[in-house]
Structures are given as structure tokens and as C-alpha cells.
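Quick note: numbers below take in every heavy atom, side chains included, and nothing from hydrogens, waters or symmetry partners. In what follows, every chain begins at residue 1, and chains take the letters A, B, ... in the order their sequences are listed.
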Protein chains: 2
Amino acid sequence: MDYQYDQAVEVLRRTPATLSALLGGLPDAWTMSTAGPNTWSAYDTVGHLLHGEETDWIVRARVILEHGEKQPFDTFNRTAMFEQSQGRSLDQLLDAFAQARANNLETLRALRITPEKLTLTGAHPALGTVTLSQLLATWVAHDLNHIGQIVEVMSRQYAEAVGPWNAYLAILTRPILTE
Amino acid sequence: MDYQYDQAVEVLRRTPATLSALLGGLPDAWTMSTAGPNTWSAYDTVGHLLHGEETDWIVRARVILEHGEKQPFDTFNRTAMFEQSQGRSLDQLLDAFAQARANNLETLRALRITPEKLTLTGAHPALGTVTLSQLLATWVAHDLNHIGQIVEVMSRQYAEAVGPWNAYLAILTRPILTE
């Protein structure tokens with residue numbers, strides 16, 4: 001389906017509560033474990049989502065609206081959370097993410113992006129020309145991607161414990177989501 | 001990691017609230033859409049989880065505890081929800097799932113399954129000999145599998161809308177979870 005503000009916001013505003021319900025107070029055995037090299041723990045992934053709120057989506061939307069393709073986006077550092085999350089608990093990251101998301105949705109609303117503006121273009125440092133509509137749709141899909149990544153890395157902690165049932169649980173056996 | 005009651009319950013008891021936060025009140029465009037043949041909508045998947053609460057996990061645990069391998073499990077009908085969910089709204093399914101899960105966790109607690117009992121075995125109609133520990137670990141991994149399936153099928157609604165960003169969103173392009 002096409003990007004639509006109303007439908008997109010319905011997902012974006014639910015992500016903080018979804019993550020808090022899934023992860024808030026959960027034992028470290030579930031939240032701090034990865035599933036091997038280049039995989040992220042739930043803790044890592046929440047930090048990544050927070051970094052996106054601070055430096056990616058709304059920042060890039062403003063660049064498109066104010067400068068178009070004349071000002072390429074800054075590169076998004078996908079692993080910034082490995083430094084930025086240090087010293088913060090998962091519950092602190094969840095709270096910070098919820099606050100940042102709420103602020104960004106308020107900003108998005110205030111930008112009053114008309115259907116005409118959705119076709120405006122920006123310059124992605126690797127992908128080339130992208131539209132504002134594509135950026136905002138990606139914000140949504142990126143949330144869903146990382147919720148999927150969190151439950152996937154959690155499930156892998158039981159990859160052995162389920163025994164022969166792994167034959168029915170593709171989440172345990174297919175190539176894992178990395179970044 | 002090995003199955004442990006305390007750790008498993010921490011995930012199992014969070015699933016209803018996670019699904020309600022993610023899906024409660026969400027527009028049908030997100031919750032009723034599949035991503036092609038043999039894929040399930042979020043609505044379908046919640047119905048499947050509810051059916052598992054009613055006929056699978058605790059029922060099979062009791063079979064193991066009371067009969068061991070002498071009484072094979074009944075086959076679990078993975079697509080029963082296509083009939084059973086008819087006429088019920090997603091919010092009704094979410095409520096029924098939350099109630100059934102709470103009841104089942106109360107039953108699980110009351111069964112007081114000791115480490116010794118975890119090694120008891122049952123007969124799965126397709127997989128053969130399985131342990132109680134494997135069954136209970138699968139209950140957890142099955143939740144996570146289907147949360148992953150829900151966000152995956154939702155994300156696919158924006159597979160085109162994200163444009164070139166699909167290169168960074170594996171959830172949109174890798175083989176999709178089916179049943």
C-alpha cells in the first residue's frame with residue numbers, strides 16, 4: 001500500500017508501548033544476549049532505534065523539505081548505540097525512546113506534509129535520490145524490522161531447548177537478521 | 001540456554017500485552033492484510049495463538065505428565081483459526097488470548113513441574129519422542145516466532161513504499177515466514 005500519514009502514525013506511535021510490554025523488566029538473559037557475531041541483543045536494538053529518533057527520520061525529513069537534493073543526508077551510524085547506550089539500563093533506553101518518538105510524532109504533525117510534499121526528493125549518501133514518502137514509509141518498516149529482530153534474537157536463546165520442534169519454527173533456523 | 005520455568009514465564013506472560021500494544025485498535029489495512037499465498041495476516045496469527053492456548057501447550061503437558069509416551073498427542077491444527085475466528089474482531093481475539101494465557105500460566109504454576117519432571121517424555125505424532133522441557137521451551141519460541149511473523153507481514157505492506165531502502169530492510173526481502 002502507499003504511504004499515508006494517518007496509517008503510518010498508527011504504527012509509529014505504538015512501537016514504544018510494544019517494546020516496553022515485550023522488554024520492560026525482562027531478565028538480562030533474554031535482553032542482553034546476542035545470537036553470534038554481527039547480531040544484536042534486544043538492548044542493542046532499542047539503542048539503535050533511539051539513535052534513529054535522534055539523528056535520522058525527522059532530521060532527514062527537514063533536510064528534504066528545506067534543501068531537497070542539494071544537501072545530501074549525513075550518513076546514519078547504524079552502530080552508534082554501542083557507545084551511546086553505555087551506562088544506561090534497558091528501561092532507561094525504553095523511556096528515552098518513548099519520549100523521543102512522541103516528540104518526533106509531534107514534529108511530524110506540525111510539519112503538515114501534504115501529498116504534494118511527499119514527492120519532494122533528497123539525496124541519500126548511498127542510495128541516491130529518494131522521496132520524502134519513501135523516507136517516512138521506511139521509518140515505519142524500520143520499526144517493524146527491528147521488532148522482528150528483537151524477537152528473533154530472543155528466540156535463538158532457545159534454539160537448542162526446543163529440540164525437534166525447531167523443524168516447525170523458521171525463526172530459529174533461517175538466516176538471522178543482522179543490522 | 002536451557003529451559004527454566006522462571007525465565008520462560010517472563011516471556012509468556014508478556015505476549016498478550018505486547019500484541020495488544022502492537023495491534024489493539026490498529027486499522028484493518030495493517031491487521032487484515034496478508035503478503036501473498038500461504039501467509040497469514042496479523043488477525044490470522046492472533047487466532048492461531050489463541051487456538052494454541054486452547055488445545056496445545058497445557059493440554060500436551062498434561063498428557064506427558066499423566067500418560068507419557070503411551071498416549072500420543074493429538075495433532076495440532078495449525079489453520080483452525082480460519083474457521084474459529086469467524087465473526088470475532090481482532091480486539092475480541094486479543095482479549096480471549098490474554099485470558100486464556102493467564103489461565104494457562106496459572107495452571108502451569110499449579111503443576112509445579114520439578115526439574116526431574118522436565119525430562120519426562122511424550123510422543124509427538126510427527127516428531128516422535130519429545131521431552132516436557134522441549135514442549136515448554138517451544139511454547140516460548142512459538143510466541144516469538146509469531147510476533148516476528150506479525151511484524152513481517154505488516155512490513156510487507158510497505159515493501160514498495162520504501163523504495164530503494166528495501167536494500168537495508170531484510171524483513172522485506174528474505175523468504176517470508178509462512179505457517
field: Heavy-atom pair count under 4.5 Å with chain B, highest-scoring of A:S133, A:A167, A:S33, A:A29
entry: A:A29

- request: Tell me, please, which residues at least two apart from B:P115 pass side-chain contact (heavy atoms from CB on, under 4.5 Å).
  value: none

field: Under 3.5 Å donor-acceptor, B:R14 side chain and A:G24 backbone
entry: yes

- request: Could you look at B:P164 and say if it's the side chain, the backbone, both or neither that has a heavy atom under 4.5 Å from chain A?
  value: both

statement: In terms of heavy-atom contacts, B:Y158 and A:A8 come closest through OH-CB, 3.7 Å

field: Backbone N/O of A:L169 and side chain of B:N145: donor-acceptor pair under 3.5 Å
entry: no

message: Between B:L118 and chain A, with a heavy-atom cut-off of 4.5 Å, which part of the residue counts as in contact: side chain, backbone, both or neither?
response: neither

- request: For A:D56, check salt bridge (charged side-chain N to carboxylate O under 4.0 Å, His left out) against everything at least two apart and list the hits.
  value: A:R60

Chain B interface, residue from A:T15, A:V11, A:L172 that has the most non-hydrogen pairs under 4.5 Å: A:V11

field: Shortest non-hydrogen contact from B:W30 toward A:V140
entry: CH2-CG1, 4.0 Å

query: Between B:L19 and chain A, which part of the residue has a heavy atom less than 4.5 Å away: side chain, backbone, both or neither?
result: neither

- request: Could I get the full list of ring pair (Phe, Tyr, Trp, His ring centres under 6.0 Å) partners for B:F73, not counting sequence neighbours?
  value: none

query: Looking only at heavy atoms, what is the nearest atom pair of B:V151 and A:L144, with distance?
result: CG2-O, 3.5 Å

query: Does any heavy atom of chain A fall under 4.5 Å from the side chain of B:E10, the backbone, both, or neither of them?
result: both

query: chain A heavy atoms under 4.5 Å from B:P16: which part of the residue, side chain, backbone, both or neither?
result: neither

query: Looking only at heavy atoms, what is the nearest atom pair of B:W165 and A:T131, with distance?
result: CZ3-O, 4.4 Å

query: Using non-hydrogen atoms and a limit below 4.5 Å, what part of residues 123-130 of chain A faces chain B?
result: A:H124, A:A126, A:L127, A:T129, A:V130

